[in-house]
Colleague: 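Dumping the structure here so I can ask a few things about it.
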Protein chains: 2
Amino acid sequence: MATSFHNPSCQHCKDRFSSIFCKAELCNLEQISEAKVCSVYKKGQVIFHEGAYPFGVYCINDGKIKLSHSGDDGREQIIRLVKAGDIMGYKALLSNERYTATATALEDSSICFVPKDLFLSVLQKDASLSFEMMRILSSELRKAELRITHLAQKPVRERLAETILFIRETYGLEADGQTLSVRLSREEIANLVGTATESAIRLLSEFRKDGMIELEGKKIRLLNLTEIIRTANLQD
Amino acid sequence: MATSFHNPSCQHCKDRFSSIFCKAELCNLEQISEAKVCSVYKKGQVIFHEGAYPFGVYCINDGKIKLSHSGDDGREQIIRLVKAGDIMGYKALLSNERYTATATALEDSSICFVPKDLFLSVLQKDASLSFEMMRILSSELRKAELRITHLAQKPVRERLAETILFIRETYGLEADGQTLSVRLSREEIANLVGTATESAIRLLSEFRKDGMIELEGKKIRLLNLTEIIRTANLQD
DNA sequence: ATTCTTCCTTGACGCATGTCATTGTACCCC
DNA sequence: GGGGTACAATGACATGCGTCAAGGAAGAAT
């Protein structure tokens, strides 16, 4: 169960309160900040479920979340990785449909909930927040379309290299400057790449043999970034 | 070359003027309607090019357009099919980046151009237009994410059936109630499915042998819709 | 420590699908 | 009509990648 607490004066929440709302006019920001409800979710806990109706948007104060579809045969496809400062659940809210994805915490995470009515009413009167929202949506759409092209045209090897770079961009590295600062299972990596778990494992082993990465349990250290970029074969 | 003519009183343009702008407040609609520039594009003509900077949004009065990425190896991936009443080019405009796709007319099309500054300024002051814009973006994003899952998990056969249904939903049927009312080359169909041209051809032949469709040049007649739906194997 | 469970790893195998090559067909231009 | 270009169709072939199966490693629970 999530420990739920309403805490407008929580400095930690205030500091990291999702960056999008900084675009809102000050009075609106105050209003949202007061109405929001912060909770802590444990690793593996589900924040919302595919098929459920949305009652608001979620803002990540701290932590890491995966958004995933469960395909027809039950296989999971990871759609997006969410980090501190991001919001999630807005798509379903705006198109007034049920969630098409499930949000699961990849590690203990602190998350704020902003009720639907408030969010929508602020959106109505705050043009700059609306604009920021459109900017986010456009950017997500652009990424999704690029991903469609790559899924259709690139071999798994290139997509895996690309995925490693994507994880690095999203969650960054640990203090050593090499280790990806998130622990994903091989299955999750495969579900991000869009391939079978065994294929992901095999290719990771190849990458290791080629000196591109080092593997230690779920730790992945990037040894030769240039080579990874070359393998990803990115042009655009 | 496009025959370019500014024509606020053109009844044809007025009638079909893109549905999104109906959501705008009346004064704004008038303003946009006056500033817009209508052009006619011939089949095969490019409306805008991947990599170019956007100067406005395009609204389709009449016709059919494909939006496509050209992948790294030059292979084309069709991202979206655009029909009368739709708008295009908004994504690049809103995220303030270059076009990530090329728009090409699939048949002679009548298209209005709304200048960037006007569009953005109206968006700033017209909450209900902004909201409609967000609704469209959310809906496109939802579709794109579903497509990612299917590309990653479904075999080509299912995806082809799905694509046929998608074309039907988008452009509808001819008067006979069976023939898809757009003519796409086999290569374009393949680029929509995300497969090789030969694979698309082979599977279309199979569908014909199975009595699901009838082929006559670029005409595709849907004989057994139920069976096509079953083949697409859609759950969500 | 021991069991249990979950995850990782590797091998073997087969099929779906991409690539290459050839022929056939329709349409267009002069 | 002839020749050209673009597209469609089919066969042969290679292989990338998914599936199945079995063994090993690591962590959790008792």
Side-chain angles (χ1 to χ4, degrees), chain A residues 42-44 66 71-77 104 106-107 149-163 180 182-210 213-221 231 233, chain B residues 42-44 66 71-77 104 106-107 149-163 180 182-210 213-221 231 233:
Chain A
K42 289 277 173 200
K43 175 178 176 173
K66 65 172 175 183
D72 304 343
D73 51 350
R75 210 163 91 212
E76 171 187 68
Q77 177 65 38
T104 312
L106 292 169
E107 56 183 49
T149 304
H150 289 177
L151 269 169
Q153 303 193 349
K154 291 176 138 204
V156 176
R157 186 183 171 85
E158 293 184 21
R159 282 175 10 229
L160 176 60
E162 204 179 342
T163 298
L180 291 180
V182 67
R183 305 300 150 89
L184 298 172
S185 70
R186 300 293 191 257
E187 190 182 1
E188 285 170 324
I189 293 174
N191 294 341
L192 207 40
V193 174
T195 188
T197 308
E198 295 92 327
S199 298
I201 289 175
R202 260 183 265 269
L203 286 166
L204 282 173
S205 294
E206 280 188 33
F207 285 7
R208 180 175 45 73
K209 278 172 203 150
D210 298 349
I213 59 173
E214 203 174 81
L215 298 168
E216 189 192 333
K218 289 190 171 53
K219 272 194 203 173
I220 299 179
R221 302 183 57 193
T231 304
N233 188 27
Chain B
K42 289 279 173 197
K43 174 178 177 174
K66 66 173 174 182
D72 303 343
D73 51 351
R75 211 162 92 212
E76 171 187 67
Q77 177 65 38
T104 312
L106 292 169
E107 57 184 47
T149 304
H150 289 177
L151 269 169
Q153 303 193 350
K154 292 176 137 205
V156 176
R157 185 183 171 85
E158 292 184 24
R159 297 200 326 256
L160 176 59
E162 204 179 342
T163 299
L180 291 180
V182 66
R183 305 300 149 89
L184 298 171
S185 70
R186 301 294 190 258
E187 190 182 2
E188 284 171 325
I189 294 174
N191 293 341
L192 208 40
V193 174
T195 187
T197 308
E198 295 92 327
S199 299
I201 290 175
R202 260 184 265 269
L203 286 166
L204 282 173
S205 294
E206 280 188 31
F207 285 7
R208 180 173 44 75
K209 278 172 202 149
D210 298 347
I213 60 173
E214 203 174 82
L215 297 169
E216 188 192 334
K218 288 190 171 55
K219 273 193 203 173
I220 299 179
R221 302 182 58 193
T231 305
N233 187 27

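Chain A is the first sequence line, chain B the second, and so forth, proteins listed ahead of strands; every chain is numbered from 1. Everything quoted here is computed from the prediction, not taken from an experiment.
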Colleague: Would you indicate what Thr197(A) reaches in the nucleic acid, counting non-hydrogen atoms under 4.0 angstrom: base, sugar-phosphate, or nothing?
Modeller: nothing
Colleague: Please give, in whole Å, the distance from dT9(C) P to Ile220(A) CD1?
Modeller: 10 Å
Colleague: Are the side chains of Ser205(B) and Arg202(B) in touch, meaning some heavy atoms are under 4.5 Å apart?
Modeller: no
Colleague: Taking for each residue the nucleotide of DNA chain C bearing the nearest heavy atom, is the 5' side occupied by Lys209(A) or by Ala152(A)?
Modeller: Lys209(A)
Colleague: Would you mind reading off the distance between Leu204(B) atom CG and dC7(D) atom P, rounded to a whole angstrom?
Modeller: 16 Å
Colleague: Could you state the CG-P distance from Leu203(B) to dG18(C), rounded to the nearest angstrom?
Modeller: 9 Å
Colleague: Taking only the side-chain heavy atoms of Ile201(A) (C-beta and beyond), determine which of dA8(D), dT9(C), dT17(C) contains the nearest atom.
Modeller: dT9(C)
Colleague: Quick one: on DNA chain C, does Glu187(A) or Ser199(B) contact a more 5' nucleotide (nearest heavy atom)?
Modeller: Glu187(A)
Colleague: Counting C-beta onward and ignoring hydrogens, is there a side-chain heavy-atom pair between Leu160(B) and Ile189(B) closer than 4.5 Å?
Modeller: yes
Colleague: Is any side-chain heavy atom of Lys66(A) closer than 4.5 Å to one of Val182(A)?
Modeller: no
Colleague: Please determine if a side-chain N or O atom of Arg157(B) lies less than 4.0 Å away from the OP1 or OP2 oxygen of dA16(C).
Modeller: no
Colleague: Minimum heavy-atom separation for Gly44(B) and Thr104(B), please, with both atom names.
Modeller: O-CG2, 3.4 Å
Colleague: In whole angstrom, give the distance that lies between atom CZ of Arg186(A) and atom P of dG27(D).
Modeller: 13 Å
Colleague: Applying a 4.0 Å non-hydrogen cut-off, can you work out what Ser205(B) is touching in the nucleic acid: base, sugar-phosphate, or nothing?
Modeller: sugar-phosphate
Colleague: Figure out the CG/P separation between Asn191(B) and dA8(D), and round it to whole Å.
Modeller: 11 Å
Colleague: Measuring from the side chain of Lys218(B) (C-beta onward, heavy atoms only), which nucleotide among dC7(D), dG18(C), dT10(D) has the closest atom?
Modeller: dC7(D)
Colleague: What is the separation between atom CG on Leu160(A) and atom C1' on dC17(D), rounded to the nearest whole Å?
Modeller: 14 Å
Colleague: Does Gln77(B) reach the main-chain N or O of Gln153(A) with its side chain, forming a donor-acceptor pair under 3.5 Å?
Modeller: no
Colleague: Return whichever of Glu198(A) or Arg202(B) has its heavy-atom-nearest nucleotide of DNA chain D closer to the 5' end.
Modeller: Arg202(B)
Colleague: What is the distance from CD of Glu206(A) to P of dT9(C), rounded to the nearest Å?
Modeller: 13 Å
Colleague: Ser185(A) side chain N/O closer than 4.0 Å to the phosphate oxygens (OP1, OP2) of dT6(C)?
Modeller: no
Colleague: The side chain of Arg208(A) is closest to which nucleotide in this list: dT10(D), dC8(C), dT10(C)?
Modeller: dT10(C)
Colleague: Please confirm whether any donor atom in the side chain of Arg75(A) sits under 3.5 Å from an acceptor in the base of dT19(D), or the reverse.
Modeller: no
Colleague: When the distance from CD of Glu76(A) to C1' of dC7(C) is rounded to whole Å, what number comes out?
Modeller: 15 Å
Colleague: Would you say Thr195(A) places a side-chain N or O within less than 4.0 Å of OP1 or OP2 belonging to dG18(D)?
Modeller: yes
